[in-house]
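Written below as structure tokens is the structure these notes are about.
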Amino acid sequence: MATIKVTDLRKEFVTDTSTVVAIENVSFEVGGHEFVSVVGPSGCGKSTLLNILSGIESATRGTVDITEGDRQAKLGYVFQSARLLPWRSVIDNLLFVQSTRGPQVRARCERYLDMVQLAHTARQYPGQLSGGMQQRVGIARAFSIEPDLLLMDEPFSHLDAITARSLRRELHAMWQETRKTVLFVTHDVSEAVELSTRIIMLARGGRLVADLPVELPFPRDPASDAVALARADLLRRFESLDLLAT
Amino acid sequence: MTTVGTFRTLALSPPGRRVGSLLRHPRAARVLSWVGFVAAWQLVVPFLPTDLVPTPSEVAVFMWNELRMETVAPHTVYESFSLSFQRLGVGLFLAFAIGVPLGLLMGLRRWADWFLHDFVVVGLAMPSLVWALVAGMWFGFGDLAPVVTVTLAAVTFVVINVAEGVRNVPKELLDMSGAYGVSRYATIRHVIFPSLMPFFFAALRYGLANAWKGLVLAEVWASTEGAGWVIKFWYDAHRSQGIVGYALFFIIVAIFIERIVFGRLSRWVFRWRPSDDRRTPEPEATDRDEAVPAAVPAATPGRQ
Ligand SMILES: Nc1ncnc2c1ncn2[C@@H]1O[C@H](COP(=O)(O)OP(=O)(O)OP(=O)(O)O)[C@@H](O)[C@H]1O
Ligand SMILES: [Mg+2]
């Protein structure tokens with residue numbers, strides 16, 4: 001049950017010619033076993049936010065606190081692209097990020113490969129898989145460490161509708177079962193409504209413009225009226241905030 | 001049969017036709033050109049006003065005798081080549097021992113790059129002949145001059161390739177292993193080292209090619225043994241078939257190293273590289289169009 005506390009976060013990218021503000025004055029908190037979606041238009045700083053949370057990027061200003069009781073939170077990250085080691089087999093890519101070794105660990109990795117329906121590719125190299133298959137290996141890798149906090153950056157956007165749907169179900173089931181904390185970036189509002197307990201909206205320039213609870217009971221049928229209504233409501237907010245305009 | 005075909009048939013006599021169709025086969029054409037060359041060589045030499053040009057058959061007999069260790073040279077072909085290989089091995093080892101740290105430094109630290117850049121360019125441009133002469137002058141006859149020549153001729157290739165390799169370690173993979181808290185040792189071993197491999201190979205290949213030439217010269221110049229020196233022995237002995245024969249030994253060895261040793265090694269090291277026929281068919285429908293060429297490490301630091 002990892003909790004996140006982000007305070008006055010700001011991130012600038014300084015290049016030779018310009019300075020880009022990717023995150024501007026963002027503060028929010030995420031409690032244990034929440035499922036928070038981050039939505040917003042392309043280039044609004046969603047990936048940057050996850051990169052700062054995971055320690056890949058450092059903040060220009062502000063603080064990030066991730067706590068898991070009194071130990072360090074274990075972090076799983078599904079990147080926007082698969083980011084597999086091309087020279088290691090699929091199963092070795094999963095084993096690479098494990099903190100311990102042993103037959104149980106291996107069995108666990110195989111179980112999560114099976115979850116994304118890729119058990120048969122365990123001995124193959126990533127280059128032998130399609131893009132969508134590689135993305136699923138990335139998902140299995142993040143699940144396989146059984147993280148306290150799961151960061152996911154548009155994990156299903158490269159997948160076909162059917163695969164994405166079944167993986168959404170898997171993700172939801174895993175979250176319900178283990179009550180991990182999940183921070184889920186997406187630009188698909190329906191997906192956010194279907195899965196999350198809360199939705200954070202970022203606008204261009206990295207400003208946080210809305211932080212809304214989603215008060216619908218699970219399981220949520222994406223085809224149901226309640227979900228459709230919530231989705232329509234969110235999209236209206238999007239438009240009223242003029243988020244989609246440049 | 002078409003008109004064109006009939007015309008062809010009429011135009012060429014049967015044996016001519018066979019040669020014609022043979023020539024259209026790349027491999028056959030290659031073999032034929034060699035056979036033609038050797039035949040012409042054999043036929044022309046007796047008419048030359050000198051006996052310092054060997055015929056192919058003389059060269060072949062010479063090489064055969066050398067291989068059977070029947071030689072008037074002080075060392076057999078095996079002894080000479082194994083000595084040269086030892087010098088090559090020691091020299092290349094030193095080139096890597098010096099070049100890898102320098103390359104790492106240049107790739108990782110900008111000031112080191114500024115500092116060393118011009119020397120690397122000079123090193124790349126320097127003919128290995130010069131290294132052979134200089135090393136011979138400094139170290140006199142013995143093992144040292146050839147070894148130093150090999151090292152000097154190869155080291156800049158190692159430096160430049162390692163530096164380039166370090167700059168090309170895919171950032172998104174380093175970030176991935178950082179985000180998952182993978183240990184530094186495992187990151188070096190499984191992320192950095194494998195992405196340096198193509199650059200190590202390039203260093204080895206170019207370094208070896210350059211060093212091999214330098215070695216022969218250094219042995220001619222500053223040694224009393226080794227394959228290069230034996231060439232000079234045949235030169236002094238006015239045995240042209242010895243020079244040509246040894247040149248052929250050199251070529252055979254070089255081809256062996258390139259094709260068999262490097263070919264096998266790189267096929268094994270890069271066995272993870274995708275080839276079209278090894279792709280696994282997707283069991284269920286998935287968007288194949290989105291296929292990310294993830295098997296090739298990105299040359300530029302990745303951003304999302
Ligand atoms: N390493 C970097 N150097 C310079 N600018 C960067 C860098 N990373 C991100 N940016 C800039 O920061 C802004 C936010 O980028 P980010 O990748 O976080 O967007 P995003 O919300 O994830 O977009 P998308 O939905 O398209 O993935 C963009 O304007 C981008 O150009
Ligand atoms: Mg992004």
Side-chain angles (χ1 to χ4, degrees), chain A residues 13 46-48 50-51 53-57 72 74-77 79-90 92-93 96-99 117-118 120-121 124-138 141-142 145 147 151 153-154 157-164 166 185, chain B residues 168-183 185-198 200-201 266 268-304:
Chain A
F13 288 105
K46 305 182 296 291
S47 298
T48 306
L50 292 198
N51 283 343
L53 289 176
S54 67
I56 290 175
E57 304 269 13
Q72 214 187 342
K74 227 194 312 174
L75 218 126
Y77 194 160
F79 301 91
Q80 203 166 351
S81 57
R83 300 204 189 185
L84 306 176
L85 302 177
W87 39 77
R88 308 216 79 200
S89 68
V90 165
D92 283 347
N93 262 283
F96 174 67
V97 298
Q98 310 297 320
S99 50
Q117 278 139 41
L118 288 176
H120 64 291
T121 67
Q124 289 174 333
Y125 291 102
Q128 295 167 260
L129 310 183
S130 77
M133 292 162 95
Q134 292 176 18
Q135 186 63 17
R136 275 142 62 197
V137 176
R141 176 176 63 188
I145 63 164
L151 304 175
D153 196 348
E154 304 189 20
S157 61
H158 294 306
L159 303 177
D160 66 288
I162 295 166
T163 309
S166 96
V185 166
Chain B
N168 278 293
V169 172
K171 182 178 179 298
E172 73 269 14
L173 294 182
L174 286 177
D175 285 348
M176 180 276 291
S177 92
Y180 277 99
V182 174
S183 72
Y185 167 77
T187 304
I188 291 174
R189 172 146 178 236
H190 295 303
V191 181
I192 297 180
F193 189 71
S195 64
L196 283 178
M197 278 321 274
F200 274 132
F201 259 87
S266 84
W268 182 75
V269 169
F270 300 118
R271 63 195 177 284
W272 51 270
R273 284 196 172 155
S275 63
D276 290 333
D277 47 54
R278 276 190 319 190
R279 277 186 133 212
T280 311
E282 171 74 315
E284 70 259 56
T286 306
D287 46 353
R288 293 288 295 256
D289 295 347
E290 286 290 341
V292 184
V296 184
T300 47
R303 266 210 335 96
Q304 294 195 340

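Proteins get letters first, then strands, A, B, ... in listed order; numbering begins at 1 in each.
Heavy-atom distances place no part of A:Ala164 under 4.5 Å from chain B, backbone and side chain included. With a 4.5 angstrom heavy-atom cutoff, A:Leu53 does not touch chain B via any of its atoms.
Between B:Val191 and A:Phe96, the shortest heavy-atom contact is CG2-CZ, 3.7 Å. Scanning all heavy atoms of the two residues, the minimum distance from A:Leu85 to B:His190 falls at CD1-O, 3.9 Å. Taking both residues in full, the closest heavy atoms of B:Ala179 and A:Tyr77 are given as CB-CD1, 4.1 Å, listed atom of the first, atom of the second, then distance.
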Legend entry - side-chain contact (heavy atoms from CB on, under 4.5 Å) assessment of A:Arg141 paired with B:Tyr180: CA-CA 10 Å; A:Arg141 176 176 63 188; B:Tyr180 277 99; 3.9 Å; yes

Legend entry - Stepwise side-chain contact (heavy atoms from CB on, under 4.5 Å) test for B:Glu172 and A:Phe79: CA-CA 9 Å; B:Glu172 73 269 14; A:Phe79 301 91; over 6 Å; no

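Taking 4.5 Å as the limit, every side-chain heavy atom of A:Ser54 sits out of range of all side-chain heavy atoms of B:Asp175. At least one side-chain heavy atom of A:Trp87 sits less than 4.5 Å from a side-chain heavy atom of B:Ser195.
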